[in-house]
Amino acid sequence: MKGSYILMESLRAEGVDTIFGYPGGTIIPVFDALYDYLDKFNYTLMRHEQGVVHAAQGYARASGKPGVCIVTSGPGATNVITGIGDAMIDSTPLIVITGQVGTSALGTDAFQEIDMVGITQPISKWAYQIRSANEISIALARAFYIATTGRPGPVVLDFTKNAQVENAEFFHKKCTYYRGYIPSPDINQRQIETAAEIINNAKKPLAIVGQGVVLGHAEDELLKFLTKADIPAASTLLGLSAMPSDFRLNKGFVGMYGNMAPNIKTNECDVLIAIGMRFDDRVTGNVNTYAKQAKIVHLDIDISEIDKNIKSTAKILGNAKETIPALTEKINSAQHKEWVDSFSVYEDTEYKKVIQRELNSQDGKINMGEVVRKVSDATNHNAILVTDVGQNQMAAVRYFQYKQTRSVITSGGLGTMGFGLPAAIGAKIGMPNRTVCMFAGDGGFQMTIQELGTILQSQIGVKMILLNNNYLGMVRQLQELFYNERYSSTLMVNPNFNQIADAYQIRNRHVTHHEELDEAIQDMLSDDKPYLLVVDVEEYGLIYPMTPAGETITNILMPKG
């Protein structure tokens, strides 16, 4: 059969049921074949290639299955670069298929030729150019194996046009081994015993939970581990929802905009247990002053993350699904009541100085956190939260609450504005029976606003909450605090978002006063159809607590007064 049909059959053999795409000249044979498979795949036409890849990310993060996207060559291919980089740093499994000119034209600067493999090798787990139809099934099987095993990530298949139209014999065999690639190292029992001894001797243990727990499907194992040894825990941005918000030992969110108690306790604990997290700078602040008093136990599947930023006392390599139970078996049951209770002093301070004020706006102005919490409460904390990037993101992850895993989808390591709307589309397609609430600021929303067209065409029931402060809020906050209120290039003159929603036939509402908010939220959630809720929030609102970049994690800024 033709190479384009071999691709379709290989995708089916790998269990794919959902594809996001945008067609173009060099990938037309693939889309021509897709025409005959529209009853086999749930295909969504996005409005821009950046939307294609972010939707695939949202789908993967919500469903736990790899996201698959298909775009054309040249600008179509380069438009997915940001999403590939985002997926790489956030460990999201993607199969990105890009069109390419025929092999006879490679290297001639042909129309829409671009060296996609050369561009993406540094920001993907694997990039490969398919030059003949005979390679398609093998390459695709390897791509799925590499993308989904070990530490997940994106792979890129650059698909030459001649390979799409050539004939070859179809066969497909799933890949279970690729030379030189070791997805998950064997557990070293000596490492387990060393770590267990350190934890058993701890008086003030603290765990920091990363996305590795979610990616490893180890949420239950984590709760058993923490409960057995009575260890308080906090989450990184991507680790949020690995623990339910109301779990007794869940102490919140660590990092630059994290909760006061776990950040301060990081520099008071005697043992710090890092589980599936990479000690990035937004978590650690100044590494030279980070947890210097503590012994570090680091569990991770990726050896390159061990000792990269923070030196460990004990290291455990492997999948959290296996390493956490192995460690739990070796640790002693313990009680650390005095240590756990000591977090409450800082929790009370943060509640009085920040949270209480944020959730109870004064002077008629609406705060971001108030909107977020009201939406979360109205969904009984069972919704999937998708965010864009900026103040809206930090407010959303701080004030949304979670009962289920895989309930937070956000751009972490790359911080990609424009991520929210297409990622929410992908999340809703991946988990159609869950409510998906997407929070965005007016800046990020406009970066991918064209994806409202996708919602119109496919009727995807995303609940979009636009927190409109007429500023690029996060940059404006930094300008206020550190650049003498010199608001350079952050004031936004915005369109009428509700009229835009009307043009796309999306139900919408505009809230400017407190008394309108509850009713508007109920209206938004009254059915499973798409909805845009525009809320005018405090223009000069600030996200607190905040640790300035590069500072010691305990140097926390709080609101005045």
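Remember, predicted model here, so these are calculated numbers, not experimental data.
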Give a yes or no answer on whether the side chain of S361 reaches the backbone of N367 with a donor-acceptor pair at less than 3.5 Å.
-> yes

Hey, are the side chains of I425 and M46 touching, using non-hydrogen atoms and a 4.5 Å cut-off?
-> yes

Heavy-atom distance under 4.5 Å between the side chains of R476 and N469, does that happen here?
-> no

N/O donor-acceptor pairs under 3.5 Å from side chains in residues 552-561, not counting sequence neighbours:
unit_1: T552; atom_1: OG1; unit_2: T289; atom_2: OG1; d: 2.7
unit_1: N555; atom_1: ND2; unit_2: E551; atom_2: OE1; d: 3.4

With no hydrogens and no angle check, do the side chains of S376 and Q401 hold a donor and an acceptor under 3.5 Å apart?
-> no

E347 and S344: side chain donor to acceptor below 3.5 Å | no

Near F482 CZ, under 6.0 Å, is it more than 12 heavy atoms from other residues, nucleotides or ligands?
-> yes

Would a line drawn from the ring center of H54 to the ring center of F20 be shorter than 6.0 Å?
-> no

Within a strict 4.5 Å, meaning less than it, do heavy atoms of the I465 and C437 side chains meet?
-> yes

Between G210 and M277, the two heavy atoms sitting closest are CA-CB, 3.8 Å

Between I543 and Q477, what is the shortest heavy-atom contact and its length?
-> N-OE1, 2.9 Å

Using the ring of each side chain (for Trp, its six-membered ring), is F343 parallel, tilted or perpendicular to W339, with breaks at 30° and 60°?
-> perpendicular

Any salt bridge between D230 and R248, counting N to O under 4.0 Å?
-> yes

Side-chain donor-acceptor pair under 3.5 Å between S407 and R434, yes or no?
-> yes

Would you call K365-E539 a salt bridge at under 4.0 Å N-O?
-> no

Is it the case that T405 and E219 place a side-chain donor and acceptor less than 3.5 Å from each other?
-> yes

What do the steps show when you test N360 against E370 for side-chain hydrogen bond (donor to acceptor under 3.5 Å, both in side chains), and what is the final call?
-> CA-CA 7 Å; N360 298 279; E370 178 181 10; over 6 Å; no

Quick check: does any side chain N or O of H381 sit under 3.5 Å from a backbone N or O of Y402, one acting as donor and the other as acceptor?
-> no

Paired with S91, the side chain to side chain donor-acceptor pair (under 3.5 Å) test is passed by just one of R151, R278, Q211, namely R151

Please check if any side-chain donor atom of Q446 sits under 3.5 Å from a side-chain acceptor atom of N494, or the reverse.
-> yes

Report yes or no: do N508 and D502 form a side-chain donor-acceptor pair below 3.5 Å?
-> yes

S342 and K265: which non-hydrogen atoms are nearest, and at how many Å?
-> OG-NZ, 3.0 Å

Heavy-atom closest pair (I324 atom, E221 atom, distance to 0.1 Å) is CG2-O, 3.4 Å

Which residue pairs satisfy the ring-ring contact (aromatic ring centres under 6.0 Å, His included) criterion with at least one member in residues 536-561, sequence neighbours excluded?
-> Y471-Y540

I409 vs M438 side-chain heavy atoms within contact, under 4.5 Å | no

